[in-house]
2 protein chains.
Amino acid sequence: MSAKADDVEPVFSITDLAQELDLTTRTIRFYEDRGLLRPARRGQQRVYSRADRTRLKLVLRGKRLGWPLDDIREMIELYDTPDGERKQLTVMLNKIAQSRATLLQQREDIELALSEFDDIEARCKAQLDSTH
Amino acid sequence: MSAKADDVEPVFSITDLAQELDLTTRTIRFYEDRGLLRPARRGQQRVYSRADRTRLKLVLRGKRLGWPLDDIREMIELYDTPDGERKQLTVMLNKIAQSRATLLQQREDIELALSEFDDIEARCKAQLDSTH
DNA sequence: CCCGCTCTTGACGTTAACGTCAACGTCAAC
DNA sequence: GTTGACGTTGACGTTAACGTCAAGAGCGGG
């Protein structure tokens, strides 16, 4: 009779996530310690929802971009602030602008590096050809 | 009579660069220690050429992208390997491919984050409007 | 000559982001 | 009941990327 008979939300253990995302459990607990995750508990064991898993993926993306954990936390918090905290909205818009500026700078850096690599590679290949 | 009477290459002191690029001299020396720079010496003092300055800027770009110093060094070395080290050329092409892959991943991460921020911001502004 | 300034090296401290290790809880299986 | 497998907390170790501090070299001015 349960209205949600079949669509039970999948849950993950800490080792599930560690294996899937190629992390150690120690690292995942550390992220929790730093406020990046707040999994539920069954007894004293951690239980991760699909949303928790998404958050963790966001953390990894932040890491790939070289962001410090504190910044990543701020960035992630943008995704799930309870709609309606009227006064917080402009604060949030500011943070978004901040993050966006950083991202734009990074993208610019990347574009530059990529085009430079194209040049270098071209010269490299020319050298290879010329020396036959 | 000097053929290069007027086009003397400008040189910089370590504090010049520190001020211009907003670093401490300690940091610049540290980068040298890690093999990222090799300035000339006048006596025992460091003298930076325009090329050294460019290298240092490349280091900063690497830092903005969150790369570790060792990776940055490898990346920079791509810019000034003595043309012709025949056997090294393919090694170099490999490293370029490596770096490029990382950059492309980072760019993808950035594009995703940016578009997500657009969404969040839109919802934010909608909220602001609705609450009048 | 001495002063003050800039620069140098070297030793040690610090912070972030984990890894490692020890000691213990829990629960299903035998 | 005990034996693993899995999970927990807490203490301590480690590495990268610097900062801080001490002691001294070199040099132009008065």
Side-chain angles (χ1 to χ4, degrees), chain A residues 10-49 52-53 55-77 98-99 102 105-106 109, chain B residues 10-49 52-53 55-77 99 102 106 109:
Chain A
V11 291
F12 313 91
S13 74
I14 193 169
T15 41
D16 287 345
L17 289 185
Q19 287 178 5
E20 179 188 349
L21 302 179
D22 195 32
L23 300 166
T24 68
T25 59
R26 178 66 184 85
T27 298
I28 296 180
R29 289 194 202 95
F30 178 69
Y31 290 161
E32 179 177 348
D33 219 55
R34 305 303 303 275
L36 300 179
L37 299 171
R38 293 181 200 282
R41 300 274 180 148
R42 185 172 46 194
Q44 77 172 349
Q45 296 195 195
R46 293 167 174 82
V47 181
Y48 296 85
S49 69
D52 291 325
R53 178 161 158 276
R55 284 177 69 91
L56 187 45
K57 284 190 175 182
L58 285 176
V59 174
L60 297 187
R61 189 173 73 190
K63 294 235 69 186
R64 286 196 300 273
L65 294 176
W67 292 33
L69 292 185
D70 287 357
D71 292 10
I72 294 178
R73 178 167 38 68
E74 288 223 343
M75 173 171 165
I76 291 183
E77 282 168 358
Q98 276 285 122
S99 290
T102 302
Q105 170 69 58
Q106 288 192 300
D109 288 331
Chain B
V11 292
F12 313 90
S13 76
I14 192 169
T15 40
D16 288 345
L17 290 185
Q19 286 178 5
E20 179 188 350
L21 302 178
D22 196 31
L23 300 166
T24 68
T25 59
R26 177 66 183 84
T27 298
I28 297 180
R29 289 194 202 96
F30 178 69
Y31 290 161
E32 179 177 348
D33 219 55
R34 305 303 302 276
L36 300 178
L37 300 171
R38 294 181 200 283
R41 299 275 178 148
R42 185 174 45 194
Q44 77 171 352
Q45 294 194 198
R46 294 169 174 80
V47 181
Y48 296 85
S49 68
D52 291 324
R53 179 161 157 277
R55 284 178 70 90
L56 187 46
K57 284 189 175 182
L58 285 176
V59 174
L60 296 187
R61 190 173 73 190
K63 294 234 70 187
R64 286 196 300 273
L65 294 176
W67 293 34
L69 292 185
D70 287 356
D71 293 9
I72 295 178
R73 179 167 37 68
E74 287 222 344
M75 174 171 165
I76 291 184
E77 283 169 359
S99 290
T102 301
Q106 287 192 301
D109 288 332

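Computed from coordinates, the B:Tyr48 OH to C:dC7 P distance equals 10 Å when rounded to whole Å. A straight line from NZ of B:Lys63 to C1' of D:dC18 spans 8 Å, rounded to a whole angstrom. Following rounding to the nearest Å, B:Phe30 (CZ) and D:dT20 (C1') show an atom-to-atom distance of 15 Å. For B:Gln45 and C:dC5, the CD to P distance is 16 Å, given to the nearest whole Å. In this structure, A:Asp33 places its CG atom 13 Å from P of D:dT8, rounding to the nearest Å. Across the protein-nucleic acid pair, A:Phe12 atom CZ and D:dG7 atom C1' stand 18 Å apart, rounded to whole Å. For the pair B:Ile28 CD1 and D:dG19 P, the computed distance is 10 Å after rounding to whole Å. Rounded to whole Å, the distance from CZ on B:Arg73 to P on D:dA17 is 10 Å.
Residue B:Arg26 places its side chain closer to C:dA11 than to any other of C:dA11, D:dT8, C:dT20. With C:dA17, C:dC7, D:dG7 as the choices, the nucleotide that has an atom nearest any side-chain atom of A:Thr15 turns out to be D:dG7.
Note on B:Arg29: a base of the nucleic acid sits closer than 4.0 angstrom, heavy atoms only. If you check every strand for non-hydrogen atoms under 4.0 Å, A:Ser13 touches sugar and phosphate atoms only. Nucleic acid contact for A:Arg41: sugar-phosphate only, since backbone atoms but no base atoms lie under 4.0 Å from a heavy atom of the residue.
Counting heavy-atom neighbours within 6.0 Å of A:Glu20 CD, excluding the residue itself, gives a total above 12. Atom CZ of A:Arg42 sits in a sparse spot, with 12 or fewer heavy atoms from other residues, nucleotides or ligands closer than 6.0 Å.
For A:Tyr31, no side-chain nitrogen or oxygen approaches OP1 or OP2 of C:dA17 to under 4.0 Å. The phosphate of D:dC18 (OP1 or OP2) has no side-chain N or O of B:Thr27 nearer than 4.0 angstrom. The side chain of B:Arg34 places no N or O atom within less than 4.0 Å of a non-bridging phosphate oxygen (OP1 or OP2) of D:dT15.
When the options B:Arg38, B:Arg46, B:Arg73 are evaluated for a salt bridge (Lys or Arg N to Asp or Glu O under 4.0 Å) with B:Glu32, the one that passes is B:Arg46.
Between the CG atom of B:Leu37 and the CD1 atom of B:Ile14 there is a distance of 9.0 Å, given to the nearest 0.5 Å.
Of all nucleotides present, only C:dG19 satisfies the Watson-Crick or G-U wobble test against D:dC12, with each distance under 3.5 Å. Nucleotide C:dC30 is matched to D:dG1 when pairs are restricted to Watson-Crick or G-U wobble geometry with both distances under 3.5 angstrom.
Heavy-atom distances to DNA chain C give each of B:Gln44 and A:Pro68 a nearest nucleotide, and the one nearer the 5′ end belongs to B:Gln44.
Of the charged side-chain nitrogens involved, none lies within less than 4.0 Å of a carboxylate oxygen, so that A:Arg55 and A:Asp52 do not count as a salt-bridged pair.
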